[in-house]
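The next block holds one structure in the form of structure tokens; read it before the comments.
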Amino acid sequence: MTAIRLFNKISAKGLAEFDSSKYALSDTAGDYSAVLVRSAALHDETFPKSLMAIARAGAGVNNIPIDRCTDEGIAVFNTPGANANAVKELAICALLLASRRIVEGAAWADSLKGTADIAKQVEKGKSAFAGQELCGKTLGVIGLGAIGARVANAALSLGMKVVGCDPYLSVGAAWSVEPGVVRVSSFEEVYKMSDYITVHVPSTPETKQMICAQSLAMMRDGVRIINLARGDLVNVADMAAALESGKAAAYVTDFPTEETVACEKIITIPHLGASTAEAEDNCAVMAAHELIDYLENGNVTNSVNLPALSMPRRGKYRACVISRANDNIVADISAKVKVSAIATAERKGVSYTIVDSDGEIDAGAISSADGVIRVSLF
């Protein structure tokens, strides 16, 4: 029985993917082969030697110690795109919140409770909450991955002009962007061209605090900014100052902090981006499928620290090898195993190799090859 440790409440639909005759799911297991997690921080966790894989039911993996996992031969998976529609819908909502003063207006309407002739007061006071329409305005989309592409396409349908920038855009993602989205080569171009800006990039050393006093100075007066990606992409102090001066007209964020809630001009949503039943189900099911295929076949899909690699079985026995990048890994393994099929791939200095054989495989022999971190038998 393979033990899987649950570090968060995981959608029952995802858990149902695991065959109960093969897998034991528990939030207390001390010796486990895999982890399913959502937002729980794992940086201070000591992992058992039995741990082979961690699957994050979501896209971001900043709660997982990626480098340590690689050093210990632990595959880390995420679920890109599984919650993309949920975040896209919230982004459209955020665009409207940034445009129409809906939050302030609703709060004012609620304050009229118990007063006389509310309808008359509403007609007199509603002009204080006048906003602007999205149609005809330019939306800048920073990051055109699974979420950003959907937001860009939806904005076109709302009559907006859309410009986007993603220096790391994959060929597959590029095909999902509608032809009406104008691709530009730099974030600076997006800053200068846009009435609205929405960010959909991960938090990296290059993107942290990307929205700051310097970038805000490049933007149009009255710019409206949406951040449903990561809180630290925006320097909140600089944003508050821009809102106070009128440089920025609105900032909507999905990441509440003491700074954001203290600023009356910031609209703070309580981290609802992927908080739909459908998104939680989609993420959990995808994570379950990734874990099952890895634990049973060694196939790697949507890993953040191993290269993607899958191979149909072509032998009675299978070994999967995680190693430091080694141009000779296939030759090294072939010298120690009677190979019926072998495939290897490399990513960011890490090699992953699948080897099938009709004879039993000696994991110890493979482990002696140069740079090998872990050998798993299937």
Side-chain angles (χ1 to χ4, degrees), residues 1-42 45 47-66 69-70 72-88 145-147 172 202 271 273-313 318 320 322 345 347 352 354 374 376-378:
M1 187 76 72
T2 300
I4 296 180
R5 174 76 180 270
L6 310 177
F7 276 86
N8 291 104
K9 183 179 179 181
I10 304 295
S11 159
K13 192 169 182 178
L15 299 183
E17 297 297 306
F18 293 95
D19 185 338
S20 60
S21 68
K22 297 180 180 179
Y23 297 97
L25 310 175
S26 169
D27 58 4
T28 59
D31 193 23
Y32 44 89
S33 298
V35 162
L36 263 175
V37 64
R38 289 174 61 202
S39 58
L42 303 183
E45 288 291 324
F47 300 131
K49 292 187 181 299
S50 58
L51 180 60
M52 294 175 60
I54 297 172
R56 158 82 160 95
V61 289
N62 58 328
N63 58 322
I64 301 171
I66 305 298
C69 287
T70 303
E72 295 179 18
I74 300 167
V76 179
F77 300 93
N78 67 346
T79 57
N83 58 17
N85 188 68
V87 180
K88 176 207 77 175
I147 296 170
H271 203 182
S275 293
T276 67
E278 294 88 347
E280 291 184 9
D281 286 347
N282 292 342
C283 287
V285 169
M286 183 182 289
H289 289 171
E290 292 164 355
L291 278 185
I292 292 168
D293 200 19
Y294 185 71
L295 294 172
E296 297 184 4
N297 302 301
N299 291 328
V300 174
T301 305
N302 294 327
S303 174
V304 299
N305 66 336
L306 299 183
L309 185 64
S310 298
M311 187 172 81
R313 295 245 183 190
R318 169 168 287 192
C320 294
I322 300 171
R347 175 185 178 182
Y352 186 69
I354 302 175
R374 183 173 195 153
S376 300
L377 301 179
F378 298 85

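The chain is numbered in sequence order, starting from 1.
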Supply the atom-to-atom distance [X] [atom1] to [Y] [atom2], rounded to the nearest 0.5 angstrom.
X    : Y    : atom1 : atom2 : value
T28  : R5   : OG1   : CZ    : 7.0 Å
L42  : F47  : CG    : CZ    : 5.0 Å
R313 : F378 : CZ    : CZ    : 7.5 Å
I64  : N78  : CD1   : CG    : 8.0 Å
R374 : C320 : CZ    : SG    : 11.5 Å

Shortest non-hydrogen contact from [X] toward [Y]:
X    : Y    : answer
M286 : A82  : CE-CB, 4.0 Å
C283 : N83  : SG-CB, 3.9 Å
L36  : A287 : CD2-CB, 3.6 Å
E280 : A274 : CG-O, 4.1 Å

Residues that [X] engages under side chain to side chain donor-acceptor pair (under 3.5 Å), provided they are two or more places apart:
X    : result
T301 : none
Y23  : E296
E278 : none
R318 : D356

In a table with atom names and distances, give each donor-acceptor pair under 3.5 Å that connects a side chain of residues 7-16 to protein atoms at least two apart or in another chain.
unit_1: N8; atom_1: OD1; unit_2: R38; atom_2: N; d: 2.8
unit_1: N8; atom_1: OD1; unit_2: S39; atom_2: N; d: 3.2
unit_1: N8; atom_1: OD1; unit_2: A40; atom_2: N; d: 3.1
unit_1: S11; atom_1: OG; unit_2: K13; atom_2: N; d: 3.1
unit_1: S11; atom_1: OG; unit_2: D281; atom_2: OD1; d: 2.5

If the condition is side-chain contact (heavy atoms from CB on, under 4.5 Å), which residues does [X] pass it with, not counting sequence neighbours?
X    : value
A34  : I4, L291, L295
S50  : D31, P48
A86  : T276, A279
P202 : T204

Enumerate donor-acceptor pairs with a distance under 3.5 Å from any side-chain N or O in residues 303-311 to protein atoms, sequence neighbours excluded.
unit_1: S303; atom_1: OG; unit_2: V76; atom_2: O; d: 3.0
unit_1: S303; atom_1: OG; unit_2: N305; atom_2: N; d: 3.2
unit_1: S303; atom_1: OG; unit_2: N305; atom_2: OD1; d: 3.0
unit_1: S303; atom_1: OG; unit_2: L306; atom_2: N; d: 3.0
unit_1: N305; atom_1: OD1; unit_2: V76; atom_2: N; d: 2.9
unit_1: N305; atom_1: ND2; unit_2: T70; atom_2: OG1; d: 3.1
unit_1: N305; atom_1: ND2; unit_2: I74; atom_2: O; d: 2.9

- Pairs in or reaching into residues 282-294: which pass side-chain hydrogen bond (donor to acceptor under 3.5 Å, both in side chains), with residues at least two apart or in two chains? E17-H289, E290-N302, D293-N297, D293-N299
